[in-house]
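What follows is a set of notes on a single structure, which appears directly below.
Every heavy atom of this structure was used, including side-chain atoms; hydrogens, water molecules and symmetry mates were not.
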Number of protein chains: 2
Amino acid sequence: MSSPTAPRPPVPRRPRRHDPGRRDRLIDAALTVIAERGVAGTTHREIARAADVPLGSMTYHFASLEEVLAEAFTRHAESVARVFDERLSAAQDRDAAVEAVITLVADDLLGSRHDLVLSVELYVAAARNPALRAVTQAWMARSRQALERHFDATTARELDALIEGLVLHSALSTDPMTSEQIRHAIHRFLR
Amino acid sequence: MSSPTAPRPPVPRRPRRHDPGRRDRLIDAALTVIAERGVAGTTHREIARAADVPLGSMTYHFASLEEVLAEAFTRHAESVARVFDERLSAAQDRDAAVEAVITLVADDLLGSRHDLVLSVELYVAAARNPALRAVTQAWMARSRQALERHFDATTARELDALIEGLVLHSALSTDPMTSEQIRHAIHRFLR
DNA sequence: GCACCATACGTACAAGCGTACACATCCAAT
DNA sequence: ATTGGATGTGTACGCTTGTACGTATGGTGC
């Protein structure tokens, strides 16, 4: 068709340029994809599509897919931990702390299917990726520390486990526990 | 080299034949691979390698990879549920039932990294696969039913969640809870 | 014995993957 | 105003994947 030495025909290129903070948006897009398709279905192309950027942008901003996942999960853990911290910091006494925990489980954690799925995906990924295991470790330590503002160390640890169980159990069930049932379980443990 | 019409040179083929129960062995091999590499790393080829059978054997015995996963997880859930049933059936009174629960968590569930990983992998897979969600539902229902031999329905449900939390929490921690700590947590809840 | 067919085996193929890389573009420092 | 380097874009390559399918083989019912 065209002569071998002819300059390339002007292939239409994307007009998009100068997108500061694109890296951040990519990490958020990765979290969306993980929540929707799982880690297994999270690919460079899928993330790029979700963020509406070309594939080449992925390899420019991240050295590997592993790096994207690590950054994404770190952000997720940080975000959940912050809410945890805030709720418990706001509580003035033990009774308020108990209420804060109930709100945390019933509203914050169970309220968002997105976050819920991300957490379980992180658990699995952490089982095989040391970097992600460190993320979960730091997260768990921070949660426990937040609980220790109001409860002794043993209680904090046990309560943390109970929270984990209530959340996971409800998440998997077609018939999740109501707020009242969660309140009952937590009061029973802390009675 | 060889003439185009010459009969094929005798390509060395596997001597293996007549392997009744191969399908079963493939399902077990799938569970091994899932535990070692995760669902994401579980492929036809990997399972075939683990079971030492040719790739073609996979497509003969299973219509799809999804079918393999479903059968494998069903087997896993059945196996864990059976142990659960047995321990609780053997208990004659409430005190024995409490001890049974402690043994279940501290020994059976936490004792096997293999089973532990499989369970979490199942949770994640179930989040996106209705067939697997049905498997987890049935499993949870059966566990609760076993607990209801000794505890009222509300207690059974709460206790089931606590067990889940203790197991998952310990599994993820680099500093897992000791048997004594687990005993303490369960006695505290059931006191 | 013998033929049939469930089982076993090897291989091909299209699709999708992570990653590399050459080229385009434009902000910022001079 | 120029230019150099950071950022953005398109595409190609080698690899692995799920799956399909033609052929081989030997246990079983006759």
Item to check | A:R142 to A:F84 six-membered ring, cation-pi geometry met (6.0 Å, 45°) | outcome: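 Because its charged atom misses either the 6.0 Å distance or the 45° angle limit, A:R142 does not stack over A:F84.
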Item to check | Pi-cation contact, A:F189 with B:R188 (under 6.0 Å, within 45°) | outcome: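 The answer is yes; both the distance and angle limits are met.
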Checklist entry - Do A:E164 and A:Y123 have side-chain atoms, one donor and one acceptor, less than 3.5 Å apart? => result yes
Checklist entry - Can you tell me if A:H150 and A:T155 form a side-chain donor-acceptor pair at under 3.5 Å? => result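 Per modelled atom types, A:H150 and A:T155 side chains form no pair under 3.5 Å.
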Next on the checklist: For the CG atom of B:L116 and the OG atom of B:S170, what is their distance to the nearest 0.5 Å?
Outcome noted: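 So the CG of B:L116 and the OG of B:S170 are separated by 9.0 Å.
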Next on the checklist: So, taking the atom named CG in A:L162 and the one named CD in A:E158, what distance separates them when rounded to the nearest 0.5 Å?
Outcome noted: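 The distance works out to 9.5 Å.
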Item to check | Minimum side-chain heavy-atom gap B:R82-B:D85 below 4.5 Å | outcome: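 Heavy-atom side-chain distance check fails, nothing below 4.5 Å.
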Checklist entry - So do the side chains of A:T136 and A:F73 get within less than 4.5 Å of each other, counting heavy atoms only? => result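 The answer is no; the side chains never approach within 4.5 Å.
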Starting at [atom1] of [X] and ending at [atom2] of [N], how long is that distance when rounded to a whole Å?
X     : N      : atom1 : atom2 : result
A:R37 : C:dG16 : CZ    : C1'   : 14 Å
B:R23 : C:dC9  : CZ    : C1'   : 18 Å
B:L26 : C:dC9  : CG    : P     : 11 Å
B:M58 : D:dA20 : CE    : P     : 13 Å
A:R22 : C:dC26 : CZ    : P     : 13 Å
A:I47 : C:dG16 : CD1   : C1'   : 15 Å
A:D19 : C:dC27 : CG    : C1'   : 14 Å
A:L69 : C:dC17 : CG    : C1'   : 14 Å

Under-3.5 Å N/O pairs linking protein and nucleotides 3-6 of chain D:
none

Next on the checklist: Would you say B:H61 places a side-chain N or O within less than 4.0 Å of OP1 or OP2 belonging to C:dA6?
Outcome noted: no
Item to check | Residue that, paired with A:L104, satisfies side-chain contact (heavy atoms from CB on, under 4.5 Å) out of A:I163, A:V83, A:I182 | outcome: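 The option that passes is A:V83.
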List every contact pair, protein side and nucleotides 16-18 of chain D side both N or O, where the distance is under 3.5 Å.
unit_1: D:dG18; atom_1: OP2; unit_2: B:H44; atom_2: N; d: 3.1
unit_1: D:dG18; atom_1: N7; unit_2: B:R45; atom_2: NH1; d: 2.8
unit_1: D:dG18; atom_1: O6; unit_2: B:R45; atom_2: NH2; d: 2.9

